[in-house]
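Data first, discussion second: the structure below is written as structure tokens.
All values derive from a computational prediction rather than experimental measurement. Whatever order the structure lists ligands and atoms in, that order sets their numbers, starting from 1.
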Amino acid sequence: MAELRLPENFETFPEARKRAFLTLKELKEQGKRIVGTFCTYTPAELVTAADAIAVGLCGVSEELVAPAEVHLPKNLCPLIKASYGGAVSGKCPFFYFSDMILAETTCDGKKKMYEHLGKLKHTHVMQLPPGRYGVKALEFWKAEVIAIKEDFEQFYGIEITDDKIREAIKLRNRERKAVLDFFEIGRLKPTPLSGYEINTVISSNDYNMDIEGKIKYLEERTAELRELYEKEYKGRPSRPRILITGCPTTGVMDKVIKQIEELGADVVGFENCCGPREKKDPIDETIDPITAIAEKYLRVNCSVMSPNPGRIEALDAQIDEYQIDGVVEVLLHACHTFAVEASDVKEFVTAKKKLPYMAVNTDYSPADHAQIATRLGAFIELLQGQ
Ligand code: BJ8
């Protein structure tokens, strides 16, 4: 088995979560505002402008699935079940410490789950338009962005000024740039950065409450990796380079991302919400801040939007920019929107880009770990032979 390329002081995702939990407890005791969030469509700038901390509540653990099945059907996406399971069982400290929840109508399962969540805690559900095109979609979504601001103002008894929002946009744009620069280390060939580290760092960011600290860490790590590339990697042969697409991979990081790298390939890019999906697209700092926020988040390329051509465009660009040799699509069980898009993705990758494609249908259970390893092993052998 090949070794993962990880830094000496590498903090695993469970370690980062544990550290974040302790920090969050302290912050809560100091009276800080905490808002639980789920999705890339969430305008984090408004949370920051409310002087609140945003924490990610997406469930990533198999043990949280069973408590959810008391109210939710078995045949539902594991991410939805684990998110609700953590909340209803009291096992998710981030839900416990959140003052309120900022949710969104993305897929059907999530939006119906939020109705249950609303019985546990104040839950503001942003209504996303089903498609992003046309003036009406933007007008509708802009009204929803204003509604979030108003709910924060009422809930916390504060006023959120335009200046506060502008300041938050600038900060979050700097954060975006730092995350994107870190991701783009994956463009180097051979890459000095493990995809497992990328997925871990990005998922841990959901629990990082110190945005300035996060920017500093990412800038330093990016500089370190560039130096490492120049000193040790440049000119060496590359392992097969894989792009991950599809559903978020945090809950299946070990059985997919880690296994790919242990089997002899590099995960160099992510075209999913654990990747640069929205990082490449900063918020316009020159126009009315609410309009800028609404326009930006409506451009997120998620399969819940119909149609969603931006995802294929993003895949096209990433395959070229990251010199990809093969694409692995991760489909969480019962995620209909990504599963339906999968045939177009496969067609695009194999027919247009002339690259091997493989879909991994999975959930959070460890039961298919070995079976996935066998399939990934065969896929990587195919790439190595090309
Ligand atoms: S912007 S990818 S974070 S919705 S929960 S859609 S896996 S069935 S997470 Fe997502 Fe926002 Fe889109 Fe990104 Fe499918 Fe499961 Fe639904 Fe999911």
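A parallel orientation is assigned to the rings of H71 and H116, their planes being inclined by less than 30° (bins at 30° and 60°). Using bins of under 30°, 30° to 60° and over 60° for the plane-to-plane angle, the ring pair F38/Y114 lands in the tilted bin.
Close contacts between ligand 1 and Y41 involve ligand atoms 1 (S) [criterion: under 4.0 Å to a heavy atom]. Applying the 4.0 Å criterion to heavy atoms of T106 picks out, from ligand 1, the atoms 4 (S). Interface atoms of ligand 1 facing T40, defined by a heavy-atom separation under 4.0 Å, are 1 (S), 3 (S), 11 (Fe), 13 (Fe).
Taking the ring axis of Y229 as reference, the NZ or CZ atom of R226 does not stay both within 45° of it and closer than 6.0 Å to the ring centre.
The nearest heavy-atom contact from the protein to atom 13 (Fe) of ligand 1 is C273 SG, 2.3 Å. Taking atom 16 (Fe) of ligand 1 as the reference point, the nearest protein heavy-atom neighbour is C107 SG, 2.3 Å. Protein heavy atom nearest atom 12 (Fe) of ligand 1, with residue, atom name and distance: C302 SG, 2.2 Å. Shortest contact from atom 10 (Fe) of ligand 1 to any protein heavy atom: K110 NZ, 4.0 Å. In terms of protein heavy-atom proximity, atom 15 (Fe) of ligand 1 is closest to C77 SG, 2.3 Å. Here the heavy atom of the protein found nearest to atom 11 (Fe) of ligand 1 is C39 SG, 2.3 Å. At the shortest separation from atom 14 (Fe) of ligand 1 among protein heavy atoms lies C335 SG, 2.3 Å. Protein heavy atom at the shortest distance from atom 9 (S) of ligand 1 is P248 CG, 3.6 Å.
Under 4.0 angstrom from ligand 1, the non-hydrogen atoms of I80 all belong to its side chain.
Side-chain polar atoms of S203 and T250 form a donor-acceptor pair below 3.5 angstrom. Checked by atom type, the side-chain pair T249/N199 shows a donor-acceptor distance below 3.5 Å.
The distance from the CG atom of L331 to the SG atom of C247 is 5.5 Å, given to the nearest 0.5 Å.
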